Amino acid sequence: MVKNREISKETHEKILAVKATANKNRLHRTSFGDWLIVFLCVILIITCILPLLSVIAQSLSSPRAIMHREVTFWPVELHTDAYRDLIFADRRFMTSLGWTAILTVIVTIINVTMTVLCAYPLTYDKLKGRRIITIFILFTMLFNAGTIPMFVLFRNLNLINNPLVLVLPGMISVFWVIVMRKFFLGLPSSLRESAEIDGANPLRILISIYLPLSAPVLATAALMYAVGRWNGFTDALMFMQGRPEYHPIQLLLYNIINNNIGIDTTLDPGVAGNPGRSETLRGAAIVVATVPILCVYPWLQRFFVKGVTLGAVKG
Amino acid sequence: MSMKKHIDGLVQYMSGFTKEKSNFPHSIGLRRAGNYLIRYWILYAMLLLPIAFFIIFRYVPMFNILLAFKENNIFLPLLEVPWAGIANFARAWAMDHFHNAVKSTIMFSILDLIVGFPAPIILALLLNELKFRRFKRITQTISYMPFFLSWIIISGMALRLFATNTGAVNNILMAWFNMQPIPFLGETTHWVWTVVLIAVWRSLGWNTIIYLAAITSISPELYEAAEVDGASRLRKIWHVTLPGIRPVIVILFILTMGNMMGADFERFMSLSNHLVRSVSDVLPLFVYRWGLLNLQYALATAVGVIQSFINLILLLGANFVIKRIDGEAGLW
């Protein structure tokens, strides 16, 4: 700063002029480089969207067109039979979809509540034992017991083939505890102090002051927990094999895609075993299971960008 | 706030707050202790459930690791099962399947690191140079999309797209370029590259979020100064942007290293098929097949322990090396 002042007026003006042209350049002149970047971004967009388009096209095309290699990214000989069979003829798919939706809501509510309960007390630096508790929690991030020790635990707790196994073991993610605590610490401490003077207890302060101000981080954590539950299938694959009626949609999808189970096509006899037909059905199953998430995430983008950033960058 | 300070914050988190001192004096009178409890008991009550969760679902399984040194019996209480010493580890070591699993886990980690680690950095730099605000937002939104798709859905799409007989990619290759169909997912070498690239595709956009955030916290004065000095766009990227996000790159690199042996179960499980077993069975799949399908619990536990330990060592090692190179970087 001091040095800046020592620069002669003439140089200073020169610098300003350069800055001005630079700004002007940045705003007005679009160079070859800019168009190159746009071009690369367009390629990126296409690679993100085309796979989805291709699956949609397959789900809406006729089995004949698929088998004759006519389908790429646009439906050929529009057929909606696959969706009809998936949604109306085969009960399992829609039942599983509904169950997964309920499960996701329950899991999200429980997980966010537990994460808040874990993160909030750790924002009190007067809390005795906070350091020990923090180390105790963070250590679980470094070392992970593995699948079989978990399996043994679930067996002892009678959680195998019990729908609770899809809820309990993932209740708190340490990452979101860290992010949430950081967010709480970022709120002005004067709010808490004045509430304390008025005699509010910590729980009251949490509910009436902290939570209403924490929408971004709560929404991000909720979204990530929800997406995790909606997309997850490992726990069901490993610990819920005996109860197909509680299989979440992703496990059902896994079985459909890998041909472990076929979709009931009784509404349209004569197509059973037609390979083109099962292609359209699988495509339709993928589309139906993807749509809920694709509808939700763009609206929450503002939140999760902020939330993720908090977790890694902000001190 | 400077970038360094941001990172210091994270460092404090990971180090378990060792630098902070409790304001609470060591010798407190009984009355103060009473006051303290009246005021804060509710905080301990809140922590009760989370701590119970961590004990039951995180620490008890760590105790169950003992099974790795026991005979293969999960019907007796763990402490009553006869000891087997390191027999389970020796058995794993003697298995070809195990060696293959270790090899492919390491191979995929290295490929993911080489291809997948720089990709989001490059995309973040590109997006940062993009002038058109609206277009930039649209690009970002769309590039986040694959991250929200489950591995099952991605594998379903990949199987459709890359199928040799009906897939769109091979349809195009055959119709436009007059090529033979390529078995992207049906032959080991092709499978490896396809799976690596699919993973990059999935997380590319998502991983730019952190880098873009770090870029926005670089002081604009640095760019202005560089412009005054006549720096071209590339030079600005090289001398201003990249050094500015270096701390974030370092942290993410250490975290990636710490997960080297932790191949994503769902990714390999959903994309695997019987034609590529020899490369697709990474360690988590090995544990699943031998532990849960073949009921060799003790053997699978032993392999899981090896995996967790190597991960821990890699994490600590990466942190140590980075600190050696740059004393102030590193997680703790």
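The chains referred to below are lettered A, B, ... by the order of the sequence lines, with proteins before strands, and numbering in each begins at 1. These numbers come from a predicted model, not from an experiment. The figures here come from the full heavy-atom set of this structure, side chains too, leaving out hydrogens, waters and symmetry mates.
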- Do Leu130(B) and Leu126(B) pass the side chain to side chain contact (heavy atoms under 4.5 Å, CB included) test, and can you show the C-alpha distance, the side-chain angles, and the key distance before you say yes or no? CA-CA 6 Å; Leu130(B) 199 56; Leu126(B) 277 183; over 6 Å; no
Segment of [X] engaging chain A (4.5 angstrom heavy-atom cut-off):
| X | answer |
| --- | --- |
| Arg202(B) | neither |
| Met269(B) | both |
| Leu49(B) | both |
| Ile42(B) | side chain |
| Leu66(B) | neither |
| Phe309(B) | both |
| Tyr211(B) | neither |
| Leu293(B) | neither |
| Phe135(B) | side chain |

Given side chains that start at C-beta, do those of [X] and [Y] come closer than 4.5 Å, heavy atoms only?
| X | Y | value |
| --- | --- | --- |
| Asn72(B) | Val81(B) | no |
| Phe73(A) | Ile172(B) | yes |
| Phe286(B) | Gln307(B) | no |
| Asn231(A) | Leu149(B) | no |
| Leu127(B) | Leu212(B) | yes |
| Val165(A) | Ile160(A) | no |
| Leu122(A) | Ile137(A) | yes |
| Pro169(A) | Phe239(A) | no |

Partner chain B: residue of [options] with the largest heavy-atom pair count (under 4.5 Å):
| options | value |
| --- | --- |
| Ile286(A), Ile49(A), Leu294(A) | Ile286(A) |
| Val227(A), Leu237(A), Val287(A) | Leu237(A) |
| Ile133(A), Val38(A), Asn144(A), Leu40(A) | Val38(A) |
| Val296(A), Thr147(A), Leu203(A) | Leu203(A) |
| Ile293(A), Ile172(A), Asn201(A) | Ile172(A) |
| Gly146(A), Pro202(A), Gly170(A) | Pro202(A) |

What part of [X] gets within 4.5 angstrom of chain B, counting heavy atoms only: side chain, backbone, both, or neither?
| X | answer |
| --- | --- |
| Tyr297(A) | side chain |
| Leu251(A) | neither |
| Val55(A) | side chain |
| Phe151(A) | side chain |
| Trp74(A) | neither |
| Thr234(A) | both |
| Gln250(A) | both |
| Ile132(A) | neither |
| Leu157(A) | side chain |
| Phe136(A) | both |
| Ile56(A) | neither |
| Leu253(A) | both |

Could you tell me which of [options] has the largest number of non-hydrogen atom pairs under 4.5 Å with chain A?
| options | answer |
| --- | --- |
| Ile138(B), Leu48(B), Ile51(B) | Ile51(B) |
| Phe54(B), Phe148(B), Tyr44(B) | Phe148(B) |
| Arg160(B), Met157(B), Arg58(B) | Arg160(B) |
| Phe132(B), Trp206(B), Phe53(B) | Phe53(B) |

- Query: Looking at Phe304(A) versus Phe147(B), is the centre-to-centre ring distance below 6.0 Å?
  - Reply: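 No.
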- Task: May I ask you to check whether Phe265(B) and Trp151(B) place their ring centers less than 6.0 Å from one another?
- Result: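 Centroid distance Phe265(B)-Trp151(B): not below 6.0 Å, so no.
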- Query: Is it true that the NZ or CZ of Arg181(A) lies under 6.0 Å from the centre of Tyr120(A)'s six-membered ring and within 45 degrees of the ring axis?
  - Reply: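 No, cation not above the ring by the 6.0 Å, 45° rule.
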- Query: Can you check side chain to side chain contact (heavy atoms under 4.5 Å, CB included) on Ile306(B) and Leu283(B), steps first, answer last?
  - Reply: CA-CA 10 Å; Ile306(B) 296 174; Leu283(B) 281 172; over 6 Å; no
- Query: More than 12 non-hydrogen atoms from neighbouring residues, nucleotides or ligands closer than 6.0 Å to CZ on Arg204(A), yes or no?
  - Reply: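 Open.
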- Task: Please say whether more than 12 non-hydrogen atoms of neighbouring residues, nucleotides or ligands are located less than 6.0 Å from CZ in Arg137(B).
- Result: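 No - once you tally the heavy atoms of other residues, nucleotides and ligands closer than 6.0 Å, there are 12 at most.
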- Do the charged groups of Asp235(A) and Arg229(A) touch, with an N to O distance under 4.0 Å?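 A salt bridge is present here (some side-chain N lies under 4.0 Å from a carboxylate O).
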- Donor-acceptor contact below 3.5 Å, side chain Trp230(A) vs main chain Ser150(B):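 No: the side chain of Trp230(A) does not pair with the backbone of Ser150(B).
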- Taking it one step at a time, do Phe175(A) and Met224(A) satisfy side chain to side chain contact (heavy atoms under 4.5 Å, CB included)? CA-CA 11 Å; Phe175(A) 179 77; Met224(A) 288 337 248; over 6 Å; no
